[in-house]
Amino acid sequence: MKLNWSDVTPKADFLNRRSFMTAGAALGASLIGGPSLALSGKASALSTDEKPNSLEEITNYNNFYEFGTGKEDPARNAGSLTTDPWSVEIGGLVDRPGSYSVADLAPENALEERIYRLRCVEAWSMVIPWIGVPLASVLQKVGVQPGAKFVAFETLVRPEEMPGQKRAILDWPYREGLRIDEAMHPLAILATGLYSDPLPNQNGAPIRLVVPWKYGFKSIKSVVRITLTDRRPACTWQDLQPSEYGFYANVNPEVDHPRWSQASERRIGAGLFGGRQETLMFNGYADQVASLYAGMDLAKNY
Ligand SMILES: Nc1nc2c(c(=O)[nH]1)N[C@H]1C(S)=C(S)[C@@H](COP(=O)(O)O)O[C@H]1N2
Ligand SMILES: [Mo]
């Protein structure tokens, strides 16, 4: 049996991991080798130092409509999802189309930790310590052809395991898309874990997109198809209500949702008296990503 990094890195070690790894990397390498090490080797300049939400919070307050529309439905219902075996079909304008396993796309020795803010369009937020690989590394692996301008993503359709799909809540499969330069940005990752666990089902196991400068709905879960295309792909929320949910969906405190303000947000776990906090342009990632949108009218391209 192959050891998973979660087998060798107890949860309680998480907070100490970086210091532990600095001190013990060489030792760890010779004793256990393996993924926890690979992880530490790449402690990230791209992470926030804000305090992460607890595993409890991150896994019990979710949006994953395939398992129901309530925030507690995914935790209750997603246990039934079979995530192994799993394959991701990658096609369209790529040199090496095919069916890839999660290990092909996110090998253990390439995993990085990224502690990101997640800002839902509904005006709540969390801080989540993801484990994953840059989306760019996956795209490079399959070879992006010059004509590719967009990347389209699709979630699994399996109503027998995803009770929400027995109803037409959304037009299944859940679909999302990015412009190619957004997809190649170092902040965009495919996550396969969080804290020291493989990704819990309710968070999009076994592999999901995380694009931290955009509203949470862009970060599509349980991905089974990635297609490189020359056209802007269909996106579930945009198609459902284009006046409310745009293709870009960049976090922007100055562009309100038609039915509520986006100027502030409620941090999950802040408590009744925690108050609201100001929402930051591009969710606090403006220094890294604003140049992607230079010259664009962000109120029009919401
Ligand atoms: N397939 C799929 N992906 C999805 C969703 C969904 O309903 N289905 N919800 C989105 C929304 S609105 C948010 S805020 C994030 C929530 O991610 P989390 O539950 O891991 O915090 O997932 C996004 N990805
Ligand atoms: Mo969301």
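Order of listing sets the numbers, starting from 1, for every ligand and every atom in it.
- The distance criterion of under 3.5 Å between nitrogen or oxygen atoms is not met by Trp130 with respect to ligand 1.
- Side-chain contact annotation: Gln262 with Tyr302, donor-acceptor N/O pair under 3.5 Å absent.
- The proximity of Tyr65 to ligand 1, defined as any non-hydrogen pair under 4.0 Å, involves the side chain as well as the backbone.
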> Given Trp213 and Tyr116, is the side-chain hydrogen bond (donor to acceptor under 3.5 Å, both in side chains) satisfied, shown in steps?
Replying inline: CA-CA 9 Å; Trp213 69 94; Tyr116 283 163; over 6 Å; no
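- For ligand 1, the atoms sitting less than 4.0 Å from at least one non-hydrogen atom of Cys120 are 14 (S), numbered in the order shown with element in parentheses.
- Within the listing of ligand 1, atoms 1 (N) sit less than 4.0 angstrom from a heavy atom of Thr155.
- Side-chain atoms of Lys218 never come within 3.5 Å of backbone atoms of Leu209 as a donor-acceptor pair (strictly under, hydrogens ignored).
- Those atoms of ligand 1 with a heavy atom of Ile220 less than 4.0 angstrom away are 3 (N), 24 (N).
- Not less than 6.0 angstrom separates the ring centroid of Tyr174 from the ring centroid of Phe217.
- Looking only at protein heavy atoms, the nearest one to atom 24 (N) of ligand 1 is Ser219 O, 2.9 Å.
- Within the 4.0 Å heavy-atom criterion, the part of Glu66 lying near ligand 1 is the side chain and not the backbone.
- Judged purely by distance below 3.5 Å, without hydrogens or angles, the side chains of Thr82 and Glu161 pair a donor atom with an acceptor atom.
- The protein non-hydrogen atom at the shortest distance from atom 6 (C) of ligand 1 is Tyr174 CE1, 3.3 Å.
- For atom 13 (C) of ligand 1, the candidate residues are Ser222, Gly216, Pro200; the nearest heavy-atom contact is made by Gly216.
- With a 4.0 Å cut-off on non-hydrogen atoms, Asn63 touches ligand 1 through its backbone as well as its side chain.
- Of the heavy atoms in Arg208, only side-chain atoms (C-beta onward) come closer than 4.0 Å to ligand 1.
- Side-chain atoms of Asn60 and Glu72 include no donor-acceptor pair closer than 3.5 Å.
- A cation-pi contact, defined as under 6.0 Å to the ring centre and within 45° of the axis, links Arg117 to Tyr285.
- Of the protein's heavy atoms, Lys221 N, 3.1 Å lies nearest to atom 3 (N) of ligand 1.
- The closest side-chain donor-acceptor pair between Glu278 and Ser264, if any, does not fall under 3.5 angstrom.
- The single protein non-hydrogen atom nearest to atom 21 (O) of ligand 1 is Leu118 CD2, 3.8 Å, given as residue, atom name and distance.
- Less than 4.0 angstrom separates some heavy atom of Asn62 from each of these atoms of ligand 1: 18 (P), 19 (O).
- Judged by a 6.0 Å distance limit and a 45° cone about the ring axis, Arg119 is not positioned over the six-membered ring of Tyr215.
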